[in-house]
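Written below as structure tokens is the structure these notes are about.
As a basis for the values below, the full set of heavy atoms in this structure was taken, side chains included, without hydrogen atoms, waters or symmetry mates.
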Amino acid sequence: MTSPEIKQAASDKAFAKLTMLLIDIEKSSEDIRRGNVGPITIDELHSLHKGLIKQQKLWNYIAQLIEKDNEN
């Protein structure tokens, strides 16, 4: 892979991860609102939701770094 191909693949991967995290955050938020906990407790669901938001912040930062690198 060439450097531009690697940079594009990294960007694609970061934004795909962000898209999936957004879907998971929305689903967990809806599950919390409706009380759909399945085999876990509501506290575990809240913890999962907070963890997803933390991951989203981390991947936003990674995506920003990738985009800045792509500008150079």
Side-chain angles (χ1 to χ4, degrees):
M1 279 183 124
T2 65
S3 182
E5 290 173 330
I6 290 171
K7 288 180 178 185
Q8 185 60 50
S11 180
D12 292 347
K13 186 168 190 74
F15 285 102
K17 181 66 175 180
L18 283 167
T19 300
M20 292 308 301
L21 282 168
L22 181 60
I23 292 167
D24 290 343
I25 289 167
E26 289 174 356
K27 179 162 182 355
S28 64
S29 181
E30 183 67 16
D31 286 344
I32 289 168
R33 189 179 71 76
R34 291 183 177 205
N36 295 337
V37 294
I40 63 174
T41 67
I42 192 70
D43 290 336
E44 290 169 331
L45 184 56
H46 279 284
S47 180
L48 172 70
H49 183 72
K50 288 178 187 176
L52 290 168
I53 292 170
K54 184 178 177 180
Q55 284 187 45
Q56 182 186 39
K57 290 177 184 177
L58 174 66
W59 277 99
N60 274 322
Y61 179 74
I62 292 169
Q64 288 174 359
L65 292 176
I66 291 169
E67 290 303 305
K68 285 180 185 176
D69 186 54
N70 285 344
E71 292 172 2
N72 297 330

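Taken from CG in Leu58 to CD1 in Ile53, the straight-line distance is 14.0 Å, to the nearest 0.5 Å. Put simply, CG on Asn36 and OG on Ser28 are 11.5 Å apart, with the number rounded to the nearest 0.5 Å. The distance from atom CD of Glu44 to atom NE2 of His49, rounded to the nearest 0.5 Å, is 15.5 Å. How far CD of Glu26 is from CG of Asp31: 12.0 Å, rounded to the nearest 0.5 Å.
No single ILVMFWY cluster, assembled from side-chain heavy atoms under 4.5 Å apart, contains both Leu65 and Trp59.
Proximity of Leu52 to Gln56: side-chain heavy atoms (C-beta onward) are nowhere separated by under 4.5 Å.
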Would you give me the side-chain donor-acceptor pairs under 3.5 Å for residues 6-25, sequence neighbours excluded?
| unit_1 | atom_1 | unit_2 | atom_2 | d |
| --- | --- | --- | --- | --- |
| Gln8 | NE2 | Asp12 | OD1 | 2.7 |
| Ser11 | OG | Glu67 | OE2 | 2.9 |
| Thr19 | OG1 | Phe15 | O | 2.9 |

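Here Glu30 pairs with Arg33, Arg34 under the side chain to side chain donor-acceptor pair (under 3.5 Å) rule; sequence neighbours left out.
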